Amino acid sequence: MPESQPPEKYPVPKNWIINAVIIIALIMLYFSLTQRSATGSAYVIPYSEFKQLLNEGKLMSLTLRGNKAEGTLLQETNIGPQKELSRYFKTHIPDIGDESLLPSLEAQHVELKVFPPEDTAGMRLILLGLLPWILIIAFWFWALNRVQRNVTGGLGGKGELSKFLQGSTKTAEIPDITFDDVAGQDTAKREVTELVEFLKHPSHFRQLGAEVPRGVLLMGPPGTGKTLMAKALAGEAGVRFYSISGSEFIEVFVGVGASRVRHLFEEAKKNSPAIIFIDELDSVGRTRGTGLGSGHDEREQTLNQILAELDGFSGHEAIIVLGATNRPDVLDPAILRPGRFDRHVVLELPDRKDRIAILKVHTRKVPLGDDIVFEQVASGTPGFSGADIKNLVNEAAMLAARDKATKVGMTHFDEARDKLMLGTVRTLAIQPDERHRLAVHESGHALVAHFLPHADPIYKVSIIPRGRALGVTHQLPEHERYTLPEDYLRERLVVMLGGRSAEQVLLDSVSSGADDDIAQATALARAMVSRWGMSKEIGPVDLRDSEEHPFLGREIAQPRHFSENSAQLVDKAVKEFLGKAETRAMDLIISHRKELDNLINELEEHETLNEEQIEACLGKKRLP
Ligand code: ATP
């Protein structure tokens, strides 16, 4: 359970109040010193008036301090403009002295007191001189106090700075997620299941002297459920789950990340058995010594601290550290060595069966229509990760809500799928001739795919602009493929160039609409030639100039390790592959011209055609 401190709604810092009172008192003292004469209750009267009052016998007493004289007058006396009674007065005796004063006082029987002159001016100067220093020191104490509170948070609390150094360890609760919430991923589940036993009964393992892995690295494409799996492990074992993202370790200040790591491990050790989950481990665990500047210093210190903490387990703590990454290739070898993140669990993109299971998990609370066929939804979502499927269900539910439907039906899933795969529908003012060219282009793709035996069946053709595309021909593989045969790949090239070929045959010209098709076809042909040895002239030689990332599906440029002559051979072979594919596409289009015209007309009329409508125009699909 998280630390439970009584909630302090409006915390009043008491020291702050004391400091404020001191400062106000000092300011008041300052004003009382500087304005004493102005605010005193005695009236200042001129010496001449004083003498007159004395001679009139209205003076009762007088106190002399050097040249200063103050005293009491008879009560009914009016002085100056004041009409009310006043007893006190002040006056200044001329510096040259007044020899007649003492005799007059004696004659009027005035009570006289004489004191030596006061040196108040000096005192006041000293105090005024000291005051700024007193204020500065008071401010310094106040600031120091505040910083201290920020660091320590007062008595036992958490200050801003300590919070910053400790980072935001997100959860320290026992998750209520179990392996039932993780659909598919059977291999990964099997790998981590034995850790559940260890976390549940650590003493049993200890007695037998068994060494359980401390670090487990979960690897896989984004959204495949790495975080979910880690939480499910904690939930299944009933232990606390400490989670932090690797990027949270990286701060501008060197040492903050290391401090956060220390704090995280300390907390977990205090509450063992526990699971520490470090998401995006690659952001902190990259190979060290590869960069310059403070950013890398900070990362390296953090990484060193993680390694030190992993090494520092005494074997008694029932703590398992799970790291998640989709870039295992960039991790520092030291992090992967035995004793650290030595167990590697790979989470793959779900296949059709797993996608059905994930759909079932995420539609548990969704009211579904009777027409829903999970198999069909799963078939239509190849390459979707668990996160994508969760998103699909959510999109479908939102569409149903927008339609004011009571249940989520198959149409909602279809629409949500198209939205996620192809983008949102765009309203563009497309000119009729451009629209015709679009219909020709998409029909070309569809016709070629339909008549090629190894090509994936067409699921939908549309000339409604969606996302970045003006039109789309959507094929769906009948089954999951783990390797791609040459026949299939060659036919894929033909389908890609089918749109452009149709434009050429029917409109006698080509357009920029084939931009993406050409780029994709060239990349595929290059891979066939330089990586998969599908060109007879070149043979099985690795001539790739970039590395495909295992989990991100992106190419990363690499220095070239082959000769200029080999590069030219690759270029020639790529051209040949594409040339052959284009010729084949043209042949198909010319030989099925009638069917193609049919399809173009239908597409222009309906804008979107499904499988059946396409078959109605083109006849049955040719099978291998
Ligand atoms: P990333 O690498 O981007 O951090 P990840 O692999 O950690 O992603 P998660 O955050 O665990 O992915 O998953 C995202 C969402 O996808 C989760 O909320 C979860 O509901 C859903 N999900 C992913 N895989 C599965 C699965 N196998 N079963 C059920 N739900 C899943």
Side-chain angles (χ1 to χ4, degrees), residues 168-171 173 175-193 195-196 215-236 241-250 275-286 320-331 341 343-366 368 374 377-378 381-398 413 416-417 420 480 549-554:
S168 59
T169 314
K170 270 177 225 140
T171 23
E173 285 164 7
D176 51 8
I177 294 172
T178 62
F179 284 149
D180 287 345
D181 299 302
V182 187
Q185 304 294 5
D186 295 333
T187 323
K189 267 194 225 169
R190 218 173 303 131
E191 294 236 25
V192 296
T193 306
L195 303 175
V196 176
V216 178
L217 186 64
L218 301 172
M219 317 190 272
T224 39
K226 297 181 285 294
T227 314
L228 188 73
M229 181 68 88
K231 276 194 188 160
L233 176 59
E236 200 72 36
F241 181 73
Y242 289 89
S243 122
I244 194 159
S245 165
S247 57
E248 282 176 56
F249 290 133
I250 309 298
I275 280 189
I276 297 177
F277 177 65
I278 306 176
D279 205 357
E280 302 168 43
L281 186 65
D282 49 276
S283 63
V284 71
R286 268 163 204 253
I320 289 178
V321 186
L322 295 174
T325 183
N326 33 43
R327 296 290 318 266
D329 53 320
V330 299
L331 288 180
F341 286 97
R343 180 168 294 204
H344 302 165
V345 176
V346 179
L347 284 92
E348 294 287 358
L349 282 174
D351 57 12
R352 186 168 169 272
K353 175 177 66 60
D354 286 352
R355 287 199 296 276
I356 295 174
I358 298 173
L359 273 168
K360 284 183 182 159
V361 167
H362 289 291
T363 48
R364 276 179 197 158
K365 290 180 189 156
V366 178
L368 294 175
F374 280 139
V377 179
T381 48
F384 270 42
S385 67
D388 291 332
I389 293 173
K390 186 182 177 190
N391 195 16
L392 173 79
V393 173
N394 189 45
E395 278 291 337
M398 294 223 298
F413 270 96
R417 194 186 130 274
L420 293 181
E480 312 274 329
H549 190 274
F551 293 131
L552 296 183
R554 259 192 272 125

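Read the numbers this way: they start at 1 and go in the same order the structure lists the ligands and their atoms. In what follows, residues are counted from 1 in the order of the sequence shown. Treat the numbers as computed from the prediction; the structure is a model and nothing was measured.
In terms of heavy atoms, Ala324 sits closest to Asp279 at CB-OD1, 3.6 Å. Of all heavy-atom pairs between Phe241 and Pro175, the closest is CB-CG, 3.7 Å. Looking at every heavy atom in both residues, Ser385 comes nearest to Pro350 through CA-CD, 3.9 Å. Between Phe341 and Leu322, the shortest heavy-atom distance links the atoms CE2-C, 4.0 Å. The nearest pair of heavy atoms linking Val361 to Ala183 is CG2-CB, 3.7 Å. Nearest heavy-atom pair, Met219 versus Lys226, reported as atom, atom and distance to 0.1 Å: C-CD, 4.0 Å.
Some N or O of Ala387 is nearer than 3.5 Å to an N or O of ligand 1, by distance alone. Checking only distances, Gly223 does come within under 3.5 Å of ligand 1, N or O to N or O. Ligand 1 has no N or O atom lying under 3.5 Å from any N or O atom of Pro222, backbone or side chain. Not one N or O of Ile358 is nearer than 3.5 Å to an N or O of ligand 1, by distance alone. Note: an N/O pair closer than 3.5 Å links Lys226 and ligand 1 by distance alone.
In this structure, Gly220 falls outside the shell of residues with a heavy atom less than 4.0 angstrom from ligand 1.
Protein heavy atom in closest approach to atom 10 (O) of ligand 1: Thr227 OG1, 3.5 Å. Closest to atom 18 (O) of ligand 1 among all protein heavy atoms lies Lys390 NZ, 3.3 Å. The nearest heavy-atom contact from the protein to atom 9 (P) of ligand 1 is Gly225 CA, 3.8 Å.
The proximity of Asp181 to ligand 1, defined as any non-hydrogen pair under 4.0 Å, is limited to the backbone. Of the heavy atoms in His362, only side-chain atoms (C-beta onward) come closer than 4.0 Å to ligand 1.
The Thr224 neighbourhood of ligand 1 comprises atoms 6 (O), 12 (O), 23 (C), 24 (N), with distances under 4.0 Å to a heavy atom of that residue. Each of the following atoms of ligand 1 lies closer than 4.0 Å to a heavy atom of Ala183: 26 (C), 27 (N), 28 (N), 29 (C). Close approach of ligand 1 to Val182 is summarised as follows: ligand atoms under 4.0 Å from at least one heavy atom of the residue are 27 (N), 28 (N).
A salt bridge between Arg355 and Asp388 is absent, with no side-chain N of the basic residue lying under 4.0 Å from a carboxylate O of the acidic one.
Rounded to the nearest 0.5 Å, atoms CG (Asp176) and NZ (Lys231) are 9.0 Å apart. Within the model, atoms CG of Leu195 and CD1 of Ile275 stand 7.5 Å from one another, a figure rounded to the nearest 0.5 Å.
Nearest to atom 31 (C) of ligand 1 by heavy-atom distance, out of Leu228, Asp388, Asn326, Val361, is Leu228.
A donor-acceptor pair under 3.5 Å is absent between the side-chain atoms of Glu191 and the main chain of Val346, judged by distance alone.
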